[in-house]
Participant: 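Could you have a look at this structure, given as C-alpha cells, before my questions?
Below, chains carry the letters A, B, ... as their sequence lines are ordered, and counting in each starts from 1.
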There are 2 protein chains.
Amino acid sequence: MIGLDPILDRLPTTIQRSAAGVAEFNREIIEATRDLVIGYKPNFAFYEALGAAGWEALAETRKAIPRELIALADAKRGDIGSTSELYAQAILDSLGFDAMTVSPYVGLEGLAPFLAREKKGVFVLGRTSNRDGSVQDLELSNGVPVYEQVADMATTWGDNVGLVIGATDLEAAATLRERHPNTPFLVPGIGVQGATVGDALRHAATADGRMAMVSASRSVIYASSESDFAEAARRRAEELLQEAYAVRV
Amino acid sequence: MIGLDPILDRLPTTIQRSAAGVAEFNREIIEATRDLVIGYKPNFAFYEALGAAGWEALAETRKAIPRELIALADAKRGDIGSTSELYAQAILDSLGFDAMTVSPYVGLEGLAPFLAREKKGVFVLGRTSNRDGSVQDLELSNGVPVYEQVADMATTWGDNVGLVIGATDLEAAATLRERHPNTPFLVPGIGVQGATVGDALRHAATADGRMAMVSASRSVIYASSESDFAEAARRRAEELLQEAYAVRV
C-alpha cells in the first residue's frame, strides 16, 4: 500500500506547488503503480494543511484510486459517538473511502458510527509507529500493555475491524499477530521510519504471508524529485514488492 | 464556552442549509453571545461533513471569533510527529486557532509539534465525556486508571497543556482537579450530554471557581429553530452563566 502524503516543498520540480498540483502528483503516482499495490492511503493532515483546496485535492485523490483497490483514509478520528457519526459521514460516505484509521482512546461508544458501516474497514490504532509509547506501552493491572488490551477489545467490536500495528516495534507486531490470526493489520513504519518490508511481513503477517498491508509513503512518492518521479516511484514500489515476495518464498 | 457544532438539518428555518449558511449561523450566534463567554469551540467533524465548503465555513467561523476570546479547535488530532506537524500547521498556524484538543494515544512524540507552539493551548484528552470508558478506565499496574496516568504525564509535557475532562464522570473530574490544581480543564458534557454547569464547576474548577472552561453546544445553539435563534441562544447562555455565578457565591 502506498501512502499518499505529499508536502508542497517536496513535490517534483515539474509539478505546480499547489493543492491542484498535489492532486495531479497523486494521479500520476497512482497511474504508475496501480498494478503493484493493494491500495492507497492518503493521510488527512497533508491535505488539511492546504485548507479548503486541500480538501478538494483529497476528494480528487480518492476518485483517482481505482475501484478495485482499497482507498484507505488515514485520519485517526474518534470523538463522542454523535460527533464521530459526522466524521463517518464525511470520510466514509461523502468522500467514499473504503476504510479508515480511528483512534481508540474514546472507547467503543466513540467508534460505533464507524463500525456500524459494516462494509467499510475500521483500522483501530493498536501499537502505532510512534517511537514513543508513553501511553500505548503503559502496563495494565493484568500485566499486558495498553496496546495489547486495546487490540484484544477492538477485535471483538465488529467483523470489519483491523488494527494499525507499526513495523517499528516488531516484537509487539509478532505478539499481536499470534493473538489475532485473522485480523487485517495495516503496517506503517517501513522506509523513512526505519523498518524493512521483510521485517514487517515476518512479524505482522500470518505464517503464509497474509493479512498485513504494509504501507510505504515518503520512500516511494519522493523516489525522484524530477520529471521521472512516477517511474521512480514505480521502481521503488517494485523493489518493495520483490522484498515482500522474497519473504514469502 | 460555546461549542459551534451546527448540523444542516437543525439550522433555523431562516438560514440557508449550506456551508455558507453554517458560517452565517455561527456569526450570528457569536455576535449575540460574545460578551458572555470565554470563547468558542467549533468541532471539526461538523465542518468536514460539508466537504471543502465546510472547511471554508470553518475558516470564516474562526475569523468571526473576536481576538480577545479563545478560539478553540476541537479536532482531537494526533499522529506520528512529522504528520502532527502538518495538523499543527493547518489548525494553529493557517486557520489561526488559539488552542486545540489532541488525542494522547500517540504519546508525547506524536503531540510534540502541537506542544512546541508555546503560545497555543494544547488540551489533551483525559477523561472525555464518552459514556463508555472502555480504554480510558482500564486499570494500570500502579492501580490508577489510564486517564489519570495520561493526565499526570500530560501535565509534565509543557506549560501550555490543558486537559479535556468531561462533566459526565464527576468523580474523575474532582480527582483530577485535586491532582492538577493549576491546569486549565476544558469541560464538555453539560446540557444534552446530561450534567449541569453546577456539577461541572463544583467538581472540575478550583475551590475559588477558576480553571474550568465549561462548554455547551447543542443546548445553546439550538435553543430556538426560528428566526429568534440568536437571542434564544443568548438567553440560554445567560441562564448557564447565572448557574455558574450561583455556584461561585
Participant: For the candidates I7(A), V135(A), L58(A), which exhibits the highest count of non-hydrogen atom pairs separated by less than 4.5 Å from chain B?
Facilitator: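 Looking at each of I7(A), V135(A), L58(A) in turn, V135(A) comes out on top.
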Participant: Which of the residues E56(A), E85(A), R77(A) is involved in the greatest number of heavy-atom pairs with chain B at under 4.5 angstrom?
Facilitator: R77(A)
Participant: So, for S129(B) and I80(A), which heavy atoms are closest and what is the spacing to 0.1 Å?
Facilitator: OG-CG2, 3.4 Å
Participant: Heavy-atom distance under 4.5 Å between the side chains of V146(A) and L140(B), does that happen here?
Facilitator: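 V146(A) reaches L140(B) side chain to side chain.
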Participant: Could you check if a side-chain atom of K76(A) sits within less than 4.5 angstrom of a side-chain atom of K76(B), using non-hydrogen atoms only?
Facilitator: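 Contact flag for K76(A)/K76(B) side chains = no.
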Participant: Go through E48(B), E109(B), Q136(B) and name the one with the most non-hydrogen pairs under 4.5 angstrom from chain A.
Facilitator: E48(B)
Participant: How far does CG of L125(B) sit from OG of S103(A), to the nearest 0.5 angstrom?
Facilitator: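 These two atoms lie 8.0 Å from each other.
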Participant: Under 4.5 Å, counting heavy-atom pairs only, tell me which of L50(B), L108(B), N142(B) racks up the most with chain A.
Facilitator: L108(B)
Participant: What's the separation between atom OG1 in T128(B) and atom CG in D79(A), rounded to the nearest 0.5 Å?
Facilitator: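 Answer for the OG1-CG pair, T128(B) versus D79(A), is 8.0 Å.
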Participant: Counting heavy-atom pairs under 4.5 Å to chain A, which of Y147(B), F46(B), Y87(B), Y47(B) comes out on top?
Facilitator: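 Most heavy-atom pairs under 4.5 Å with chain A: Y87(B).
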Participant: Any idea which of G81(B), A49(B), A52(B), G51(B) has the most non-hydrogen atom pairs under 4.5 angstrom with chain A?
Facilitator: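 Top count of heavy-atom pairs under 4.5 Å with chain A: A52(B).
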Participant: Step by step, work out the side chain to side chain contact (heavy atoms under 4.5 Å, CB included) result for Q149(A) and L138(B).
Facilitator: CA-CA 9 Å; Q149(A) 185 81 26; L138(B) 289 172; 3.8 Å; yes
Participant: Roughly how far apart are T83(A) OG1 and F44(B) CZ, rounded to 0.5 Å?
Facilitator: 13.5 Å
Participant: With a 4.5 Å cut-off on heavy-atom pairs, point out which of G107(B), G166(B), G110(B) contacts chain A the most.
Facilitator: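 Greatest number of close heavy-atom pairs with chain A: G107(B).
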Participant: Please look at V150(A) and chain B and tell me whether the side chain, the backbone, both or neither of the residue comes under 4.5 angstrom of a heavy atom of that chain.
Facilitator: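 V150(A) touches chain B through side-chain heavy atoms alone.
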Participant: Which distance, rounded to the nearest 0.5 Å, do you find between the CG of N43(A) and the OG of S82(B)?
Facilitator: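 Those atoms lie 9.0 Å apart.
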Participant: If you take all heavy atoms of M153(B) and S134(A), which pair is closest and at what distance?
Facilitator: CE-O, 3.3 Å
Participant: Any sub-3.5 Å donor-acceptor pair from Y105(B)'s side-chain atoms to V106(A)'s backbone N or O?
Facilitator: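 The answer is no, because no donor-acceptor pair under 3.5 Å joins these two groups.
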Participant: With chain A as the partner chain, list the residues of residues 88-99 of chain B whose heavy atoms fall under 4.5 Å from it, by residue number, and write 'none' if nothing qualifies.
Facilitator: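 So far as heavy atoms go, A90(B), S94(B) are the residues that approach chain A to under 4.5 Å.
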Participant: Under a 4.5 Å heavy-atom cutoff, which of P104(B), A53(B), A59(B), S84(B) has the most pairs with chain A?
Facilitator: P104(B)
